[in-house]
Amino acid sequence: MTQPIAIKLPRLQNDLLELFRIGYDADSKGVFRMGFTEADMQARDWLIKKFEQEGFSARMDSAGNIIGSMPGQHSGPVVAIGSHIDSVPAGGMFDGSLGVLAGLECMRTVRDHDLYCHYPLEVYAFAEEEGRFGGMMGVQAIAGELTPQWLETAHDANHVLLKDEMARAGLSALEALNARVDPKHFHAFLELHIEQGPVLERIKKPVGVVDAISGVYKWLVRLIGKANHAGTAPMDMRSDAFMGLADFAHEIPRIIEEDGTDKSRLTIGWVKLKPGYAHTVPGEAEFTLVGRDTDPQVMQDLADSCRRVLSAIARRHNLMFEFEQMSWLAPQAMSDEVIQAFCRRAEALQLDYEVMPSGAGHDAQYMARITPTGLIFIPSIGGISHAPDEWTHWQDVEIGANLLLHTALDFARPSGKTQSA
């Protein structure tokens, strides 16, 4: 009998566990592989060696993306599979990494079964997806959506410049402009990701087929008042920057209720108070504000409302208000062709699935601008992600990787094309 075409879960498990150890912190129990840090670059070296150990070729482009290829296949457009391997601080095992390593496992499976692909598989580990410097730098480079001005000035919340971190890693920021790939190189792009939310677990379905990805904007906001002695400055004579921040945080539910939708999200995820002493009234509050929605007009309405509310609060507390827009990623629909391909293959594999939006940004957002693109989810336990206790059952990993494999093969070996070398 012909052996069924399926991924080998133990290999994928081993890869995920090995990669998780790179940047792992025993105190927090999370992984620290932020973009272009030492751990991130170590992970890229590890991934290149993984491809080469399997007999595949791999390289790092000028933007830091890792690209793995299969030799000996047709030289036409590729079916690309991928995601990212950088992490947020104290991140989990699966976010991003699953999509890359499942791609590697798909290539192994094609090799194991000696399958000829008219459109060969190619795997991408995109650089700096988590937005340490704003945006999704690696996939933006592939799509040709970077500018010299952004590369020269982009910085993280601690004001570390992207160009300096890239230089420390042996890369030139401006050379990232050369990483653009002709859209004709791609036949399709597929991404597998954990959901990072509670929906699939709640409705007890193993697969989500994404129809659209929320847009996201990221601001670095400053409320500037006057530092003063916490004991001698009367409460009604203070310019307390933290009170302005606290008032704004309290207004977020009202902003969403009035100008957002059930898909809207506003998050203050990072805060720094200056001078940061227990006995001093804060003279400055610096914080990030991230807004999301699947509708571009709603995103704009949320941003406009946040700006108005922050201005009013600043006046109320005798503060100055300023902000820097670090990134603005528009919402993006997935390809109907790829959505239907995922759905057909899920039905053929007798998998229950849900067509759903993604509230989080993904590399597929930019790939969809240059090639037919699709994204699938598997459940996240408790809806938790970007945290050490992020977890997905191995059975769901296997289901998602096999759906990815067979959909990739549907694109790589279309009916009517030659199936042998």
Taking all heavy atoms of Leu121 and all of Ala408, pick out the closest pair and write down the distance. CD2-CB, 4.2 Å
Distance-only side-chain donor-acceptor flag, Ser97 / Arg33, under 3.5 Å: yes
Can you name the nearest heavy-atom pair linking Val281 to Ala230, along with the distance? CG2-CA, 4.1 Å
Quick one: which residue pairs count as a side chain to side chain donor-acceptor pair (under 3.5 Å) with a foot in residues 387-407, not counting sequence neighbours? Ser385-Glu390
Check residues 133-144 and write down every donor-acceptor pair under 3.5 Å in which the side-chain atom is one partner and the other belongs to a residue at least two apart or another chain.
{"unit_1": "Gln140", "atom_1": "OE1", "unit_2": "Met136", "atom_2": "N", "d": "2.7"}
{"unit_1": "Gln140", "atom_1": "NE2", "unit_2": "Tyr366", "atom_2": "OH", "d": "3.2"}

Do His187 and Pro120 have side chains that approach each other closer than 4.5 Å (heavy atoms only, starting at C-beta)? no
Just checking, is any N or O donor in the side chain of Asp45 or Gln42 under 3.5 Å from an acceptor N or O on the other one? no
Under the salt bridge (charged side-chain N to carboxylate O under 4.0 Å, His left out) rule, collect the residues that match up with Arg108, sequence neighbours excluded. Asp15, Glu54, Glu105
Polar contact flag, side-chain donor to acceptor under 3.5 angstrom, Ser87-Asp95: no
State whether Asp156 and Arg132 are salt-bridged, where the test is any N-O pair (Lys NZ or Arg NE/NH1/NH2 against Asp/Glu carboxylate O) under 4.0 Å. yes
Look at the side chain of Thr373 and the backbone N and O of Thr371, then say whether any donor-acceptor pair between them is shorter than 3.5 Å. yes
Sequence neighbours excluded, which residues qualify as side-chain contact (heavy atoms from CB on, under 4.5 Å) partners of Ile313? Asp247, Phe248, Glu251, Val309, Arg316, His317
Excluding sequence neighbours, so at least two apart, what forms side-chain hydrogen bond (donor to acceptor under 3.5 Å, both in side chains) with Glu284? none
Can you see which heavy atom on Ala401 is nearest to which on Leu192, and at what distance? N-CD2, 3.8 Å
Under 3.5 Å donor-acceptor, Asp61 side chain and Ala63 backbone: yes
Do Glu195 and Met356 have side-chain heavy atoms sitting under 4.5 Å apart? yes
Are more than 12 heavy atoms from other residues, nucleotides or ligands located less than 6.0 Å from atom OH of Tyr24? yes
Checking Arg168 now: which residues fulfil side-chain hydrogen bond (donor to acceptor under 3.5 Å, both in side chains) with it, not counting sequence neighbours? Glu165
His362 side chain to Glu129 side chain, donor-acceptor N/O pair below 3.5 angstrom: no
More than 12 non-hydrogen atoms from neighbouring residues, nucleotides or ligands closer than 6.0 Å to CG on Asp114, yes or no? no
So if I apply the ring-ring contact (aromatic ring centres under 6.0 Å, His included) rule between Tyr124 and each of Phe51, Phe189, Phe186, which one comes out positive? Phe186
Taken in chain and number order and not counting sequence neighbours, the residues that satisfy salt bridge (charged side-chain N to carboxylate O under 4.0 Å, His left out) with Arg369 are Glu145
Below 4.5 Å, heavy atoms only, C-beta onward: do Leu16 and Phe94 meet side chain to side chain? yes
What one should report as the nearest heavy-atom pair of Ile378 and Val397 is CD1-CA, 3.7 Å
Sorted by chain and number, sequence neighbours left out, side-chain contact (heavy atoms from CB on, under 4.5 Å) with His159 holds for His155, Leu220, Arg222, Glu286
Any idea which heavy atoms bring Phe377 and Pro357 closest together, and the distance? CE1-O, 4.2 Å
Can any side-chain N or O of Lys49 pair as donor or acceptor with the backbone N or O of Trp46 at less than 3.5 Å? no
Can you tell me how far apart CG (Asn178) and OG (Ser172) are? Round to the nearest 0.5 Å. 9.0 Å
What pairs meet the side chain to side chain donor-acceptor pair (under 3.5 Å) rule with one or both residues in residues 336-346, with sequence neighbours excluded? Arg345-Asp410
Which residues satisfy the side-chain contact (heavy atoms from CB on, under 4.5 Å) test with Ser239, sequence neighbours excluded? Lys226, Asn318, Leu319
Return yes if some donor-acceptor pair links the side-chain N/O of Ser305 with the main-chain N/O of Asp301 below 3.5 Å, else return no. no
Side-chain heavy-atom pair Lys272, Phe287 within 4.5 angstrom cut-off: no
Hey, what do you get for CD (Glu324) to OG1 (Thr288), rounding to the nearest 0.5 Å? 12.0 Å
Using side-chain contact (heavy atoms from CB on, under 4.5 Å) as the criterion, list what pairs up with Glu258, not counting sequence neighbours. Arg254
For Val110 and Cys117, which heavy atoms make the closest approach, and how far apart are they? CG1-SG, 4.1 Å
With Gln300, which residues qualify under side-chain hydrogen bond (donor to acceptor under 3.5 Å, both in side chains), at least two apart? Asp304
Exceeds 12 heavy-atom contacts within 6.0 angstrom, atom CD of Gln13: yes
Going by atom types only, do Ser214 and Asp293 share a side-chain donor-acceptor pair under 3.5 Å? no
